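Worksheet: the structure to be examined is printed underneath.
Chain identifiers are assigned alphabetically (A, B, ...) following the order of the sequence lines, protein sequences preceding nucleic acid strands; residue numbering begins at 1 within each chain. No experiment lies behind these values; they were computed from the predicted model shown.
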Number of protein chains: 2
Amino acid sequence: MTTQAPRPRGRPRRFDPDQAIGTAQRLFHERGYDAVSVADLTEAFGINPPSFYAAFGSKAGLFARTLRHYTTTAGVPLSDILRPDRPVAEALAVVLADAARRYAADSDAAGCLAIEGARCNDPDARKAARALTAAGEDTIRRFVAATHPEAAERLADYVVTVMIGLSAMAREGHSLDRLQGVASMAGMVLEEALTMPGFTGQTASG
Amino acid sequence: MTTQAPRPRGRPRRFDPDQAIGTAQRLFHERGYDAVSVADLTEAFGINPPSFYAAFGSKAGLFARTLRHYTTTAGVPLSDILRPDRPVAEALAVVLADAARRYAADSDAAGCLAIEGARCNDPDARKAARALTAAGEDTIRRFVAATHPEAAERLADYVVTVMIGLSAMAREGHSLDRLQGVASMAGMVLEEALTMPGFTGQTASG
DNA sequence: GCGCTTGTGTAGTCATGGTTACAAAAAGCC
DNA sequence: GGCTTTTTGTAACCATGACTACACAAGCGC
């Protein structure tokens, strides 16, 4: 239902940028940002470099658009899971379980596109990916802070750390079962950590 | 005290390979394998490419030697911590706490060289790094299996996942305090997971 | 000193990878 | 049908990066 105005004007495009973004998402997810070259992309799209740059500006630009599409499509739906009325520990456990499931769902495109993209070697692409992961971290922290302000940073740090680890383990080829095992183990500590008074980080200092 | 035999034979080296490995370790740890070029290395060593290749064979070869040096120098000493007579949960918690401390100790060289190296784009370098991380994972799994065979894989997966996450968080610049907070939180679940009967991975399947 | 061995310096090769100049093509507008 | 607009295809450019050919230098054994 993309409203398709009368007709743009000049020579019509020989390819569909939206469809290309889907192809790009698959390639970036399978091989990682750095390992996908512009040549790979143009070949997969069936176009030549000038069309690529006219449509997307740069490889990092395409990646930014791809990330936007990914979050609304295949990423962990944090805003849906972290409803304000939901028990905090339970909701966070669901986030971890959902991440495990999604990251291992497609063994050819394992892990989280944003988390993995945040570690690539291109500054622009990295920045785009980090913006997404930072937004996710903020969402988690604010969700916890609404009811447990003092535990928010710690719990958000923990959940994000485990998610990053899960994404890496998924990319190493670990099975869904093993990821789910880690996620469920990680979830067990959430309740306890919430109700722990004065838990401000020095418990392991001895 | 490196026994310095009579004299090697031909023209003497203008540089010390062992010292170069120390320099390489710093560079690789600071910037990551991919982001360090052979030109960077030769410049840092004060030599030219032919000397580099004569001494180390390839960039990945140097990295392999650097990793060996790293494990005996700055890596988490798993074999020392995971003594067979030690309570399992306590020992694993120490591993996590030690990782947090080490990964955040030097903000210019954050995270674990082996864990991060295992995600680089060069197949040979990746293989060398993965051999190390796999050995570490095996050490953890066998340590747990000695007393809790059924929990070994799950606990090893969990500890490794958190360590990978901690390394990533350290590289994002998170403070020592925050990493220690995550590590101590992650450590809280270990005891419970050990004593949980029939905990074989299906708890989150509903 | 002469040959042998080994390391060094100069100056490259070769591939890859992101990006672009330029002219031709394909449509709309009038 | 000409003018304008936008996209396309060919063919590059330019930088980087891993690696090497080759001749010379510097030590040892004799």
Side-chain angles (χ1 to χ4, degrees), chain A residues 4-21 23-24 27-28 30-66 117 120-129, chain B residues 4-21 23-24 27-28 30-66 117 120-129:
Chain A
Q4 192 164 327
R7 246 316 162 85
R9 262 296 292 260
R11 177 171 175 170
R13 276 217 172 88
R14 244 200 59 209
F15 77 110
D16 177 7
D18 288 333
Q19 186 179 338
I21 287 177
T23 303
L27 284 176
F28 283 138
E30 283 178 5
R31 308 187 204 164
Y33 180 84
D34 292 323
V36 178
S37 68
V38 173
D40 292 333
L41 292 165
T42 54
E43 186 183 4
F45 297 171
I47 63 177
N48 293 307
S51 301
F52 179 92
Y53 286 95
F56 307 113
S58 67
K59 185 187 168 188
L62 168 62
F63 189 56
R65 286 182 62 174
T66 302
C120 76
N121 286 312
D122 182 281
D124 290 338
R126 210 165 47 215
K127 191 176 165 193
Chain B
Q4 192 165 327
R7 243 320 160 83
R9 265 293 296 255
R11 177 173 175 171
R13 277 219 171 86
R14 244 200 59 211
F15 78 109
D16 177 7
D18 287 334
Q19 186 178 338
I21 286 177
T23 304
L27 284 175
F28 283 138
E30 282 179 6
R31 308 186 205 165
Y33 180 84
D34 292 323
V36 178
S37 68
V38 172
D40 292 334
L41 293 164
T42 53
E43 186 184 3
F45 298 170
I47 63 177
N48 292 308
S51 300
F52 178 92
Y53 286 96
F56 306 113
S58 68
K59 184 186 167 189
L62 168 62
F63 189 55
R65 286 182 63 174
T66 303
C120 75
N121 286 312
D122 182 280
D124 290 338
R126 209 165 48 215
K127 190 176 166 191

Separation of atom [atom1] in [X] from atom [atom2] in [N], rounded to whole Å:
| X | N | atom1 | atom2 | answer |
| --- | --- | --- | --- | --- |
| Asp34(B) | dG17(C) | CG | P | 13 Å |
| Phe56(B) | dT20(D) | CZ | C1' | 17 Å |
| Asp124(B) | dG17(D) | CG | C1' | 16 Å |
| Asn48(A) | dA12(D) | CG | P | 15 Å |
| Asn121(A) | dG17(D) | CG | P | 11 Å |
| Arg13(B) | dT8(C) | CZ | P | 6 Å |
| Lys59(B) | dT20(D) | NZ | C1' | 17 Å |
| Glu43(B) | dG9(C) | CD | C1' | 16 Å |

Answer yes or no: side-chain N or O of Arg11(B) and base N or O of dA25(D) forming a donor-acceptor pair under 3.5 Å.
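Indeed, a donor on one side and an acceptor on the other fall under 3.5 Å apart.
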
Sub-3.5 Å donor-acceptor pair from the side chain of Arg14(B) to the main-chain atoms of Gly46(B), do we have one?
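Judged by distance alone, yes, a pair lies under 3.5 Å.
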
Just by modelled atom types, is the Asn121(B) backbone N or O under 3.5 Å from a matching donor or acceptor in the Asp34(B) side chain?
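Yes, the answer is positive, given that a donor and an acceptor are paired below the 3.5 Å cut-off.
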
Go through the side-chain N and O atoms of Ser51(A) and Asn48(A) and say whether any donor and acceptor fall under 3.5 Å apart.
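No, no side-chain donor-acceptor contact under 3.5 Å.
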
Where each residue is assigned the nucleotide of DNA chain D containing its nearest heavy atom, which of Val36(B) and Arg9(B) is assigned the position nearer the 5′ end?
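Checking each residue's closest nucleotide, the 5'-ward one belongs to Val36(B).
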
Along DNA chain D (nearest heavy atom to each residue), the more 5'-positioned of Ile47(A) and Phe52(B)
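Checking each residue's closest nucleotide, the 5'-ward one belongs to Ile47(A).
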
Closer than 4.0 Å, any side-chain N/O of [X] to the OP1 or OP2 of [N]?
| X | N | result |
| --- | --- | --- |
| Tyr53(B) | dC19(D) | yes |
| Ser51(A) | dT7(D) | no |
| Arg14(B) | dT8(C) | no |

Are there over 12 heavy-atom neighbours, none belonging to Glu30(B), within less than 6.0 Å of that residue's CD?
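Yes - once you tally the heavy atoms of other residues, nucleotides and ligands closer than 6.0 Å, there are more than 12.
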
Aromatic plane relationship, Phe63(A) with Tyr33(A) - under 30° parallel, 30 to 60° tilted, over 60° perpendicular
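Ring orientation of Tyr33(A) relative to Phe63(A): tilted.
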
Pro50(A) has a side chain; which of dG18(C), dT10(D), dT10(C) sits nearest to it?
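Nucleotide nearest to Pro50(A)'s side chain: dT10(D).
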
Select base, sugar-phosphate, or nothing to describe what Phe15(B) touches, counting heavy atoms under 4.0 Å on all strands.
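Contact class for Phe15(B): sugar-phosphate only.
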
Which part of the nucleic acid does Val38(B) contact within heavy-atom distance under 4.0 Å: base, sugar-phosphate only, or nothing?
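Answer is sugar-phosphate: Val38(B) comes under 4.0 Å of backbone atoms only.
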
5' priority, DNA chain C, between Ala35(A) and Pro12(A) [closest heavy atom]
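Of the two residues, Ala35(A) wins.
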
